[in-house]
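Below is one structure, written out as structure tokens; the observations come after it.
Along the sequence shown, the residues carry numbers beginning at 1. What's counted below: heavy atoms across the whole structure, side chains too, no hydrogens, waters or symmetry copies.
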Amino acid sequence: LWLCRWQKYPGGIWSCRFFRHGRTDLPSQPRLHRWLNGPNNRNPRMANKEKLRSLINLEGVGLEIGPSFDPVVAKCDGHQVEVLDHLSAADLRRKYQDAPNVDLSRIEEVDYVSDGGSILELIGKRGHYDYIVASHVIEHTVDLLGFLSDCEQLLKPSGVLALAIPDNSTEIDFNTN
């Protein structure tokens, strides 16, 4: 699994840091070092969701894209987050009603139902979000550059796009494709 943190800086400059889940040879930035090896991370195999959450300011206003039945940032935990998914919450519950190991109560109300088109056009809130998080979504986008451009326009100037990207070289991710 690859994790990606996009950060926009003044002047429209974007920085992207990719790092692989479980790797210890990350760049030597102090924050990433603390993130992997610090006193709050006693378990070196911290859950992917925890790592994604550590990349964003959970006090801010967020957008989660495609959480389905397993949100990274849950409304029920008190976060100010809007949800975009490919189905409504009711349709997601119907889709997964017979799926093993799926807790239907974790499916949150969906604010925006996407048809695969521009999320900027669907949502229309330029410069609104402090963060956008998407886990295992980017590989399903039909227009990667359009997706990234839409996210840039939806984010505040200091906003962060946090992505979890499958790594097909690992058995877990390979078997889920």
Side-chain angles (χ1 to χ4, degrees), residues 1-6 8 14 16 18 20-21 47-58 60-156 159-177:
L1 178 77
W2 288 89
L3 299 174
C4 172
R5 182 182 192 271
W6 291 80
K8 186 176 182 182
W14 279 88
C16 177
F18 286 95
R20 197 166 176 184
H21 177 65
N48 295 336
K49 289 196 298 186
E50 288 181 48
K51 286 192 176 187
L52 276 175
R53 284 192 292 263
S54 76
L55 299 174
I56 58 180
N57 176 7
L58 292 171
V61 176
L63 174 67
E64 182 162 2
I65 301 173
S68 192
F69 58 83
D70 194 21
V72 173
V73 183
K75 293 177 184 184
C76 66
D77 293 335
H79 299 293
Q80 292 182 340
V81 62
E82 295 179 347
V83 173
L84 181 147
D85 218 316
H86 72 289
L87 294 171
S88 69
D91 289 337
L92 286 169
R93 288 184 190 100
R94 277 192 288 281
K95 177 179 178 177
Y96 294 109
Q97 68 186 359
D98 296 324
N101 303 319
V102 172
D103 180 358
L104 297 179
S105 70
R106 296 284 297 153
I107 296 175
E108 300 199 325
E109 289 307 310
V110 175
D111 299 290
Y112 306 100
V113 176
S114 174
D115 62 0
S118 167
I119 59 174
L120 176 63
E121 289 178 17
L122 176 64
I123 297 172
K125 295 181 179 178
R126 291 179 190 272
H128 180 74
Y129 298 103
D130 295 296
Y131 64 87
I132 297 174
V133 63
S135 179
H136 290 261
V137 170
I138 194 86
E139 68 274 17
H140 300 287
T141 61
V142 293
D143 178 8
L144 177 60
L145 294 178
F147 174 82
L148 294 173
S149 175
D150 285 356
C151 289
E152 174 186 14
Q153 294 177 65
L154 290 166
L155 286 167
K156 292 179 180 176
V160 171
L161 172 60
L163 303 171
I165 303 167
D167 178 1
N168 288 338
S169 69
T170 64
E171 187 176 334
I172 291 173
D173 283 333
F174 181 76
N175 288 332
T176 61
N177 290 336

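Put simply, NZ on Lys95 and CG on Leu104 are 12.5 Å apart, with the number rounded to the nearest 0.5 Å. How far NZ of Lys156 is from OH of Tyr131: 11.0 Å, rounded to the nearest 0.5 Å. Between the CG atom in Leu148 and the CD1 atom in Ile138 there is a gap of 5.0 Å [rounded to 0.5 Å]. The NE2 atom of His86 lies 12.5 Å from the CG atom of Asp115; values are rounded to the nearest 0.5 Å. Atoms CG and CG, on Leu92 and Leu87 in that order, are 5.0 Å from each other to the nearest 0.5 Å. Of the inter-residue distances, the one linking Leu154 atom CG with Ser118 atom OG reads 8.0 Å to the nearest 0.5 angstrom.
Side-chain atoms of Thr141 never come within 3.5 Å of backbone atoms of Asp143 as a donor-acceptor pair (strictly under, hydrogens ignored). Checked by atom type and distance alone, the side chain of Glu64 pairs as donor or acceptor with a backbone atom of Val72 at under 3.5 Å. Judged by distance alone, with hydrogens and angles left aside, the side-chain atoms of Arg93 form a donor-acceptor pair with the main-chain N or O of Ile107 at under 3.5 Å.
Heavy-atom contacts from other residues, nucleotides or ligands closer than 6.0 Å to CD of Glu121 number 12 or fewer.
Applying the side-chain contact (heavy atoms from CB on, under 4.5 Å) rule to Arg106 yields the partners Lys49, Pro71, Ala74, Cys76, Asp103; only residues at least two apart in sequence or on another chain are considered. Legend: residues meeting side-chain contact (heavy atoms from CB on, under 4.5 Å) with Val137, ordered by chain and number and at least two apart, are Ile65, Ala134. Applying the side-chain contact (heavy atoms from CB on, under 4.5 Å) test to Ser149 and every residue at least two apart in sequence or in another chain returns Gln153. Looking at residues two or more places apart in sequence or on another chain, you find a side-chain contact (heavy atoms from CB on, under 4.5 Å) between Asn57 and Glu59.
A heavy-atom distance below 4.5 Å is found between the side chains of Lys75 and Asp111. Here the side chains of Asp130 and Ile56 are not in contact, with every heavy-atom distance at 4.5 Å or above.
Between Leu155 and Val160, the closest heavy-atom pair is CD2-O, 3.6 Å. Residues Val113 and Leu122 come closest through the heavy atom pair O-CD2, 3.7 Å. What you find for Val110 and Ser88 is that their closest heavy atoms are CG2-C, 4.0 Å. Between Glu108 and Val73, the shortest heavy-atom distance links the atoms OE1-O, 4.3 Å.
Residue pairs that meet the ring-ring contact (aromatic ring centres under 6.0 Å, His included) test with at least one member in residues 94-117, sequence neighbours left out, are Phe69-Tyr96. Residue pairs meeting the salt bridge (Lys or Arg N to Asp or Glu O under 4.0 Å) criterion with at least one partner in residues 77-89, sequence neighbours excluded, are Glu82-Lys125.
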